[in-house]
Peer 1: 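Supplied in structure tokens, the structure appears directly below.
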Amino acid sequence: WEPAGSPRLTADTRVWYNPELKSSYFMVPGVLGMILMTLTVNTAALAIVRERETGTLEQLLVTPLRPRELVVGKLAPLIVLSYVEMLVVLAFVRVWFGVPLTGSIPVLLTMSFMFLLANLGLGLVISALAKSQQEAQMVSFLLLTPSMLLSGFMFPIQNMPPLVQTLTLSIPFRWYLEIVRGVFLRGVGLTTLWTPCVVLTGMSGGLLLLGMLVLRKRL
């Protein structure tokens, strides 16, 4: 029963951060992280093992270079090249696909750099342990595939089993994806994203340090 002349109320569903429900706004920022992860891990994974296969690694070891200097020399060009690639992909995301960038750009650029360091550290571990380039590429593929599936890029983490949700906490791509979507879609900054930023920074430092230690031990 409704009183005469009373206004009728209706409930409408409203999407906060993507009201037009454009799939490109949700997927393309994740593609940015996927491209960065694939390029950096594969490139770093082949850095040392290629030298070992061609026989030039022994020549480097007899030079006055210290192991840490060799590691830095291998990493520095990869860091610069990977960051330039990130800026190019970011420009495509913003200009070509038209994804709005309303959040903190310094946070995005800084955390992208941390994400690159984490992937380079993982690639160094693979490169130090692999005996051939084919083995390094295979291990990289085996590690990258679960990272994509469990990061929330393809499937929502909330719909995964509790054990799998716990495993996703160890994947750097999961935290970077939360940051990049927060900056692009939600328009937030460090105040809101400080948790994933701190976790990703710690993981990048840990993986890079692990990669350098394993590589020095192998050298």
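Hydrogens, waters and symmetry mates play no part in the numbers below; they use all other heavy atoms, side chains included.
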Peer 1: Does any non-hydrogen side-chain atom of L32 lie less than 4.5 Å from one of P29?
Peer 2: no
Peer 1: One pair to check against side-chain contact (heavy atoms from CB on, under 4.5 Å): W175 and M111. What are the steps and the verdict?
Peer 2: CA-CA 10 Å; W175 300 104; M111 289 301 103; over 6 Å; no
Peer 1: Please tabulate, for side-chain N and O atoms in residues 138-152, each donor-acceptor pair with protein atoms closer than 3.5 Å (sequence neighbours left out).
Peer 2:
residue: S140; atom: OG; partner: A136; partner atom: O; Å: 2.8
residue: T145; atom: OG1; partner: F141; partner atom: O; Å: 2.9
residue: S147; atom: OG; partner: L143; partner atom: O; Å: 2.9
residue: S151; atom: OG; partner: S147; partner atom: O; Å: 3.1
residue: S151; atom: OG; partner: M148; partner atom: O; Å: 3.2
residue: S151; atom: OG; partner: F153; partner atom: N; Å: 3.3

Peer 1: Mind checking the CD1-CD spacing from I157 to Q165? Nearest 0.5 Å is all I need.
Peer 2: 7.5 Å
Peer 1: Residues in side chain to side chain contact (heavy atoms under 4.5 Å, CB included) with P156, at least two apart?
Peer 2: Q158, N159
Peer 1: Tell me which donor-acceptor pairs under 3.5 Å the side chains of residues 78-88 have, and how far apart each pair is, sequence neighbours excluded?
Peer 2:
residue: S82; atom: OG; partner: L78; partner atom: O; Å: 2.7
residue: Y83; atom: OH; partner: L109; partner atom: O; Å: 3.2

Peer 1: Going from CZ on R181 to CE on M27, what distance comes out if it is rounded to the nearest 0.5 angstrom?
Peer 2: 6.5 Å
Peer 1: Give every donor-acceptor pair under 3.5 Å between a side-chain atom in residues 117-128 and any protein atom, sequence neighbours left out.
Peer 2:
residue: N119; atom: ND2; partner: T40; partner atom: OG1; Å: 3.4
residue: N119; atom: ND2; partner: F115; partner atom: O; Å: 3.1
residue: S127; atom: OG; partner: A45; partner atom: O; Å: 3.2
residue: S127; atom: OG; partner: I48; partner atom: N; Å: 2.9
residue: S127; atom: OG; partner: V49; partner atom: N; Å: 3.0

Peer 1: Could you pull out the closest heavy-atom pair between P172 and L207, with the gap in Å?
Peer 2: CG-CD1, 3.9 Å
Peer 1: Can L177 be reached from L167 by stepping across I, L, V, M, F, W or Y side chains whose heavy atoms are under 4.5 Å apart?
Peer 2: no
Peer 1: For residues 90-106, dump all side-chain donor-acceptor pairs below 3.5 Å to protein atoms at least two apart in sequence or in another chain.
Peer 2:
residue: S104; atom: OG; partner: V107; partner atom: N; Å: 3.4

Peer 1: Side-chain donor-acceptor pairs under 3.5 Å in residues 183-201, sequence neighbours left out?
Peer 2:
residue: T201; atom: OG1; partner: C197; partner atom: O; Å: 2.7

Peer 1: Say you draw a straight line from CG of L36 to CZ of F113; how long is it, rounded to the nearest 0.5 Å?
Peer 2: 13.0 Å
Peer 1: So how far is it from M203 CE to L210 CG, rounded to the nearest 0.5 Å?
Peer 2: 11.5 Å
